[in-house]
Amino acid sequence: ASFYFFRKNKDILSGFLLGIATLIKIFPCFLILFFIKEKKWKTIVSFIITILIGLGLTLLLFTPALVSSYFGSIGGNIFLHAGEVSYFDQSFNSFLLRLHFSSDIRLLLRAILAVTSLFLFLKTRSKSLSYFGLIFSILIFLPSFAWFHHYVILIPLLIILWTKTTRSIEKIVLLLIYILTSLHIRSPEVFPSSPIWLFSHPFIGAFLLWLFAIKKTSYNIQPIGNFR
């Protein structure tokens with residue numbers, strides 16, 4: 001909704017909705033980077049005011065210690081949680097866990113890939129690709145976990161890439177990526193010794209989508225220091 005009103009030049013409403021989303025979930029706060037890139041100062045101010053009012057109202061109902069404990073707990077669970085080998089966790093962290101990487105190495109690789117992805121999507125001239133690429137980076141690469149329902153955020157990126165693709169072979173690749181990311185094995189426990197690619201097919205599809213998107217951003221990259 002924030003991006004929709006951004007396209008409609010409703011800057012204050014765009015910032016307000018992003019602020020509300022951030023108060024509900026922490027991750028949307030990273031999207032403010034997109035509006036900083038676009039120099040949408042009204043959106044940024046509206047976002048900050050919404051966050052401050054929301055926190056102020058929260059502090060009227062709950063003690064500062066409880067609010068601080070909540071954010072500390074949720075932050076640890078999102079960024080520092082050990083992760084799960086479970087088939088239903090399709091985060092980058094879980095993929096690395098299946099490969100038996102240590103916790104410190106997983107955290108380092110997640111940070112490197114997430115920051116790299118954020119940088120590349122912020123540099124592209126395509127506003128839609130930049131915005132939804134940031135969402136992808138934040139929800140799939142950065143956190144300790146990403147459940148199947150998180151993968152719905154790939155749909156806008158798939159649609160955007162489909163509209164930017166004219167070659168038949170690329171459309172076939174996107175269809176295969178869609179199948180990999182949307183396929184859901186109902187009872188994975190019937191494959192007790194399945195290879196890693198089978199238990200990680202949604203993430204592998206998402207990673208291929210990321211590579212496809214990065215290829216597209218390379219055609220629309222902006223010079224360093226020029227974000228206009």
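All values below were derived from every heavy atom in this structure, side-chain atoms included, with hydrogens, water molecules and symmetry-related copies excluded. Worth saying up front: this structure is predicted, and the values here are computed from it rather than measured. Numbers for residues simply follow the sequence, beginning at 1.
Leu129 and Phe119 end up in the same hydrophobic cluster when Ile, Leu, Val, Met, Phe, Trp and Tyr side chains are linked at under 4.5 Å.
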Assess the residue pair Phe95 and Phe207 against the criterion (side chain to side chain contact (heavy atoms under 4.5 Å, CB included)); give the C-alpha distance rounded to whole Å, side-chain angles, the decisive distance to 0.1 Å, and a yes or no. CA-CA 11 Å; Phe95 178 73; Phe207 188 75; over 6 Å; no
What do the steps show when you test Phe88 against His184 for ring pair (Phe, Tyr, Trp, His ring centres under 6.0 Å), and what is the final call? CA-CA 9 Å; Phe88 301 101; His184 182 188; 5.8 Å; yes
Evaluation steps, salt bridge (Lys or Arg N to Asp or Glu O under 4.0 Å), between Glu170 and Lys215: CA-CA 11 Å; Glu170 289 185 333; Lys215 178 185 175 184; 3.2 Å; yes
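Through direct or indirect side-chain contacts shorter than 4.5 Å among Ile, Leu, Val, Met, Phe, Trp and Tyr, Ile49 is connected to Val45, Ile53, Leu57, Leu60. Taking a 4.5 Å side-chain heavy-atom cut-off between Ile, Leu, Val, Met, Phe, Trp and Tyr, the cluster of Leu108 extends to Ile112.
Around the OH atom of Tyr178, the shell of radius 6.0 Å holds no more than 12 heavy atoms that belong to other residues, nucleotides or ligands. More than 12 heavy atoms of other residues, nucleotides or ligands lie within 6.0 Å of NZ in Lys171, so this atom counts as buried by the packing criterion.
When all heavy atoms are compared, the tightest approach of Leu55 to Leu23 is N-CD2, 4.3 Å.
Side-chain atoms of Ser91 and Asn93 include no donor-acceptor pair closer than 3.5 Å. Checking Arg106 against Ser102 by side-chain atom types alone, no donor-acceptor pair falls below 3.5 Å.
Ring geometry, Tyr151 versus Phe148: the interplanar angle falls from 30° to 60°, so the pair is classed tilted.
Each of Leu113, Ile177, Ile140, Leu154 was checked for a side chain to side chain contact (heavy atoms under 4.5 Å, CB included) with Trp210, and the lone residue meeting it is Leu113.
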